[in-house]
Amino acid sequence: MNCRLMLRSAFRGLRTNPAAGPRSMSQSSLAGKVAIVTASTDGIGLAAAQALGQRGARVVVSSRRQANVDKAVALLQSRSIQVTGTTCNVGKGEDREKLVQTTLDRCGGIDILVSNAAVNPFFGNIMDSTEDVWDKILAINVKSAFLMTKLVVPHMEKRGGGNVIFVSSVAGYQPMQGLGPYSVSKTALLGLTRALAPDLAQSNIRVNCVAPGVIKTRFSATLWQNEDIMDEFKKQLSIKRVGEPEEIGGAIAFLCSEEASFITGETITVSGGMGCRL
Ligand code: NAP
């Protein structure tokens, strides 16, 4: 075959065989989808809302404070994202129900849940942690993730399927010093992902998880603002820097897209190459 014929046949292949070239926009597009992202007025949640919105999803942002919700909605609108918002403290049952009902009222359905909220009220030796600390951490970081899922699943089923994403942490694989109870709560999300995936696959709902490394947000400021701690961290990293929230948002959007249609029960670590598997 001469050179011109070879080129012509290669271009024909690109036109007719989607696997031969870059995937078409429609496979990564989330147009027509409705996404709830909890704790999404700052940091990773806000970046996830932006990444989903940039792919065409209508996003519902939420957090505890109305002023933060208003600010996040304005910011995302300024970036041409279809967005609405409401307050929701994920630890409160009535707030979780309000978030779901508001989404149904304003957007007509639910296709995606990103359960991102977490707290860490304790730093120190795990043996000094109290029952109150454990109650708070498990209620917000684990129980609310399950209870939000339970609330949205019937609505996803009405749409013929959906995606649930939990935000865990590399601390879920390797407990971080001083963050024992928080780390255990993040390990629980790895288990929750695996426990839910087989059941919800029957309803065409995929359940996945992301485990971020150290990401530049307010939540982790005590880590990345401390040079000594970061020097120690960097020894464990292949990419020797702190991650950006958008780098987690992109992974979340990928997991919700058709490009990830055969992925469920999985946790993707987005950590700059930190060695952290059970
Ligand atoms: P962040 O930048 O500090 O943002 C926290 C967000 O959560 C804010 O929008 C806050 O808004 C909201 N929030 C706090 N408590 C809430 C509650 N009870 N109910 C609803 N919203 C609440 O935090 P982030 O670093 O993005 O953390 C997000 C997730 O990533 C968490 O699950 C965290 O464990 C995980 N993660 C973070 C890192 C990291 O290095 N940053 C690493 C691994 C995992 P209001 O104050 O208005 O409520």
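Atoms within each ligand, like the ligands themselves, are counted from 1 in listed order. In what follows, every heavy atom counts, from backbone to side chain, and hydrogens, waters and symmetry copies are set aside.
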Using a 4.0 Å heavy-atom cut-off, which part of Ala211 comes near ligand 1: side chain, backbone, both, or neither? neither

If I apply the N/O under 3.5 Å rule, does Ser62 come out as touching ligand 1? no

Mind checking whether Val90 contacts ligand 1 via backbone (N, CA, C, O), side chain (CB onward), both or neither, at a 4.0 Å heavy-atom cut-off? both

To which residues is Phe262 joined in a hydrophobic cluster, defined by side-chain heavy-atom contacts under 4.5 Å among Ile, Leu, Val, Met, Phe, Trp and Tyr, whether direct or through other members? none

Compute the minimum heavy-atom distance from Thr38 to ligand 1 and say whether it is under 4.0 Å. no

Under 4.0 Å from a heavy atom of Gly43: which atoms of ligand 1 are those, numbered in the order shown and with their elements? 2 (O), 26 (O)

Are a donor atom and an acceptor atom from the side chains of Thr84 and Arg106 found within less than 3.5 Å of each other? yes

Give the residue and atom name of whichever protein heavy atom lies nearest to atom 25 (O) of ligand 1, and the separation in Å to one decimal. Thr217 OG1, 2.5 Å

To check your reading of the model: name the closest protein heavy atom to atom 46 (O) of ligand 1, its residue, and the distance in Å. Arg65 NH1, 2.4 Å

Can you report which non-hydrogen protein atom sits closest to atom 34 (O) of ligand 1, along with the distance? Tyr182 OH, 2.5 Å

Can you tell me which residue among Asp105, Val152, Asp95 is in a side-chain contact (heavy atoms from CB on, under 4.5 Å) with Val100? Val152

Taking all non-hydrogen atoms of both residues, which atom of Leu190 and which atom of Gly172 are closest, and how far apart? CD1-O, 3.8 Å

Of all the heavy-atom pairs spanning Phe123 and Leu179, show the shortest one and how long it is. CD1-CD2, 3.6 Å

Give the residue, atom name and distance (to 0.1 Å) of the protein heavy atom nearest atom 18 (N) of ligand 1. Asn89 OD1, 3.0 Å

Minimum-distance pair of heavy atoms, taken over all atoms of Ser168 and Lys186: OG-O, 2.9 Å

Looking at ligand 1, would Cys88 count as a contact under a 4.0 Å heavy-atom criterion? yes

Is the contact between Ala171 and ligand 1 made by the side chain, the backbone, both, or neither, using heavy atoms and a 4.0 Å cut-off? neither

Determine whether the side chains of Asn163 and Arg206 contain a donor N or O and an acceptor N or O closer than 3.5 Å. yes

Report, in ascending order of atom number, the atoms of ligand 1 lying under 4.0 Å from any heavy atom of Val167. 29 (C), 30 (O), 32 (O), 35 (C)

Within a distance under 4.0 Å of any heavy atom of Ser63, pick out the atoms of ligand 1 and give their elements. 9 (O), 11 (O), 12 (C), 21 (N), 45 (P), 47 (O), 48 (O)

side-chain contact (heavy atoms from CB on, under 4.5 Å), that's the test. Do Asn116 and Phe166 meet it? Break it down for me. CA-CA 6 Å; Asn116 169 65; Phe166 297 123; over 6 Å; no

Nearest heavy-atom pair of Leu189 and Ala145: which atoms, and what distance? CD2-CB, 3.9 Å

Atoms of ligand 1, numbered as shown, that sit under 4.0 Å from any heavy atom of Ile215: 39 (C), 40 (O), 41 (N)

Does Val119 sit in a hydrophobic cluster with other residues, and if so which ones, taking ILVMFWY side chains as linked at heavy-atom separations under 4.5 Å, directly or through other members? Val90, Ile140

Aromatic ring proximity, centroids under 6.0 angstrom, Phe219 and Tyr182: yes

Salt-bridge present (Lys216, Glu247; N to O < 4.0 Å): no

Any idea which atoms of ligand 1 are less than 4.0 Å away from a heavy-atom of Asn116? 28 (C), 29 (C), 30 (O), 31 (C), 32 (O)

Atom 26 (O) of ligand 1 sits nearest the protein heavy atom Ile44 N, 2.7 Å

In the protein, what heavy atom is nearest to atom 23 (O) of ligand 1, and what distance, to one decimal place, separates them? Phe219 CB, 3.2 Å

Mind checking whether Trp224 contacts ligand 1 via backbone (N, CA, C, O), side chain (CB onward), both or neither, at a 4.0 Å heavy-atom cut-off? neither

What protein heavy atom lies closest to atom 44 (C) of ligand 1? Include the residue and the distance to one decimal. Ser168 O, 3.1 Å

May I ask you to list the atoms of ligand 1 that are less than 4.0 angstrom from any heavy atom of Val214? 40 (O)

Contact atoms of ligand 1, heavy-atom distance to Ser220 under 4.0 Å: 39 (C), 40 (O), 41 (N)

If we only count N/O pairs under 3.5 Å, is Gly45 in contact with ligand 1? no

Is any side-chain heavy atom of Asn208 closer than 4.5 Å to a side-chain heavy atom of Ile268? no

Considering all protein heavy atoms, does one lie under 4.0 Å from atom 5 (C) of ligand 1? no

Test item, Gly213 contacting ligand 1 (heavy atom, 4.0 angstrom): yes

Answer yes or no: is there a side-chain heavy-atom contact under 4.5 Å between Leu46 and Leu75? yes

Residue Lys98 excluded, over 12 heavy atoms near NZ under 6.0 Å: yes

Which protein heavy atom lies closest to atom 9 (O) of ligand 1, and at what distance to 0.1 Å? Thr41 OG1, 2.7 Å

Between Ile126 and Pro181, is there a side-chain heavy-atom distance shorter than 4.5 Å? yes

Under 4.0 Å, heavy-atom basis, I'd like to know which part of Lys186 is in contact with ligand 1: side chain, backbone, both or neither. side chain

Ignoring angles and geometry beyond distance, decide whether Asn68 reaches within less than 3.5 Å of ligand 1 through its nitrogen or oxygen atoms. yes

